[in-house]
Amino acid sequence: MFRACRGLSLEDSYWIRREGDHKTWKEVNLFHNPLSLFITEVSLSGRNIHYSANAAEKRNIQTPELTTLGASAKGWIRQDGMLYLHKIGKYEIPADQILTALGIPHVHYFISSKTEIDSYLTQERKEWLFDHDQDFPDVMSQTTEYDITLYSAASAAQKELAMDLGILKQMERPVFLNERQWQGVLARAGMLLKSSRI
């Protein structure tokens with residue numbers, strides 16, 4: 001599969017060209033060429049599909065999915081000439097609201113419209129989707145090269161940045177979080193404040 005997509009990435013301009021492959025960067029780069037939406041469907045739905053194509057098509061898969069980091073179901077979609085990362089789940093939305101309230105620069109998340117979803121997922125694939133978000137207290141952080149949990153990474157960040165987490169108590173409960181989840185966020189913020197004073 002990696003050879004079929006030439007190792008293309010949205011993070012750099014390196015790629016793999018096998019001997020005898022005469023394609024140019026202009027012909028294969030992900031920034032300007034169509035993406036293989038069947039791979040996006042697999043990435044978003046988590047289900048394998050039967051892909052029938054001739055041998056030439058199977059050797060020319062245009063996708064950044066294999067080089068996009070992260071554990072959540074996600075897929076790149078080109079809309080109006082721009083590339084957008086669509087994700088399954090809804091915790092990015094409250095995370096966006098919390099980071100905004102704390103004044104932390106970040107990539108903003110938005111809810112996809114039905115029209116957008118219809119443009120890249122078949123009805124069958126939409127029926128396969130489920131909320132991949134989970135509440136794992138010991139999930140590993142992807143923000144550091146060290147093997148530490150998200151809580152440990154957040155604790156280290158709080159010690160270094162000394163953010164005013166009290167702001168969270170003043171904001172309304174973010175959309176998509178129920179009361180129990182929001183109280184959990186506030187409790188973890190309290191734990192971070194406490195651990196940063198030690």
Side-chain angles (χ1 to χ4, degrees), residues 1-93 95-96 99-100 104-134 136 139-147 150 153:
M1 186 64 127
F2 196 73
R3 285 191 315 202
C5 74
R6 295 181 171 92
L8 292 165
S9 168
L10 293 171
E11 296 180 25
D12 57 46
S13 58
Y14 295 104
W15 59 296
I16 298 168
R17 186 167 64 180
R18 291 183 293 179
E19 191 174 328
D21 184 353
H22 301 292
K23 294 277 187 179
T24 64
W25 173 250
K26 186 176 181 178
E27 294 173 293
V28 301
N29 81 78
L30 299 171
F31 302 98
H32 303 104
N33 290 291
L35 302 178
S36 301
L37 284 181
F38 78 94
I39 298 289
T40 303
E41 284 191 331
V42 172
S43 297
L44 288 169
S45 69
R47 299 279 184 109
N48 194 3
I49 61 172
H50 175 71
Y51 174 59
S52 59
N54 63 41
E57 286 179 25
K58 287 184 179 179
R59 285 193 304 269
N60 292 304
I61 297 172
Q62 295 285 114
T63 182
E65 309 306 340
L66 301 177
T67 55
T68 301
L69 298 176
S72 297
K74 65 182 105 5
W76 289 95
I77 305 295
R78 180 171 282 115
Q79 292 173 274
D80 302 322
M82 303 284 292
L83 286 168
Y84 296 92
L85 182 62
H86 287 250
K87 295 179 121 180
I88 302 299
K90 53 188 182 254
Y91 288 158
E92 278 83 1
I93 300 297
D96 178 83
L99 292 170
T100 298
I104 298 173
H106 62 285
V107 173
H108 292 281
Y109 284 88
F110 304 94
I111 300 170
S112 297
S113 71
K114 181 182 182 322
T115 304
E116 288 172 320
I117 295 168
D118 289 346
S119 75
Y120 59 81
L121 279 183
T122 63
Q123 185 58 40
E124 180 184 16
R125 297 285 179 268
K126 284 188 263 183
E127 292 169 8
W128 290 350
L129 298 179
F130 61 94
D131 188 351
H132 292 66
D133 292 328
Q134 299 292 331
F136 295 126
V139 71
M140 299 307 288
S141 171
Q142 295 180 8
T143 61
T144 175
E145 62 191 61
Y146 305 108
D147 289 334
L150 281 177

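Just so it is clear, the model here is predicted, and its values are computed rather than measured. Both backbone and side-chain heavy atoms feed into the values below; hydrogens, waters and symmetry mates do not.
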> Suppose we screen for side-chain contact (heavy atoms from CB on, under 4.5 Å). Which residues come up paired with T24, at least two apart in sequence or across chains?
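Residues passing side-chain contact (heavy atoms from CB on, under 4.5 Å) with T24: K26, E27.
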
> Restricting to ring pair (Phe, Tyr, Trp, His ring centres under 6.0 Å), what partner residues turn up for H108, sequence neighbours left out?
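With neighbours one apart ignored, the set is H106.
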
> Is there a side-chain contact between R17 and V28, using heavy atoms and a 4.5 Å cut-off?
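No - every pair of side-chain heavy atoms lies 4.5 Å or more apart.
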
> Name all residues meeting the side-chain contact (heavy atoms from CB on, under 4.5 Å) criterion together with Q79; count only those two or more places apart in sequence or in a different chain, and write none if there are none.
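Listed in chain order: I77, Y84, H86, E116.
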
> Looking only at non-hydrogen atoms, find the nearest pair between H32 and R78 and report the distance.
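Closest approach of H32 to R78, heavy atoms only: N-NH2, 3.7 Å.
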
> Which residues satisfy the side-chain contact (heavy atoms from CB on, under 4.5 Å) test with N33, sequence neighbours excluded?
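So N33 forms a side-chain contact (heavy atoms from CB on, under 4.5 Å) with N29, Q62.
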
> Could you point out which residue of I93, L99, L85 forms a side chain to side chain contact (heavy atoms under 4.5 Å, CB included) with Y109?
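Considering I93, L99, L85, a side chain to side chain contact (heavy atoms under 4.5 Å, CB included) with Y109 is found only for I93.
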
> Considering non-hydrogen atoms only, spot the tightest contact between L8 and W15 and give its length.
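Closest approach of L8 to W15, heavy atoms only: CD2-CB, 3.5 Å.
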
> Residues in side-chain contact (heavy atoms from CB on, under 4.5 Å) with L10, at least two apart?
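For L10, the residues satisfying side-chain contact (heavy atoms from CB on, under 4.5 Å) (neighbours in sequence not counted) are L30, F31, P64, W76, L83.
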
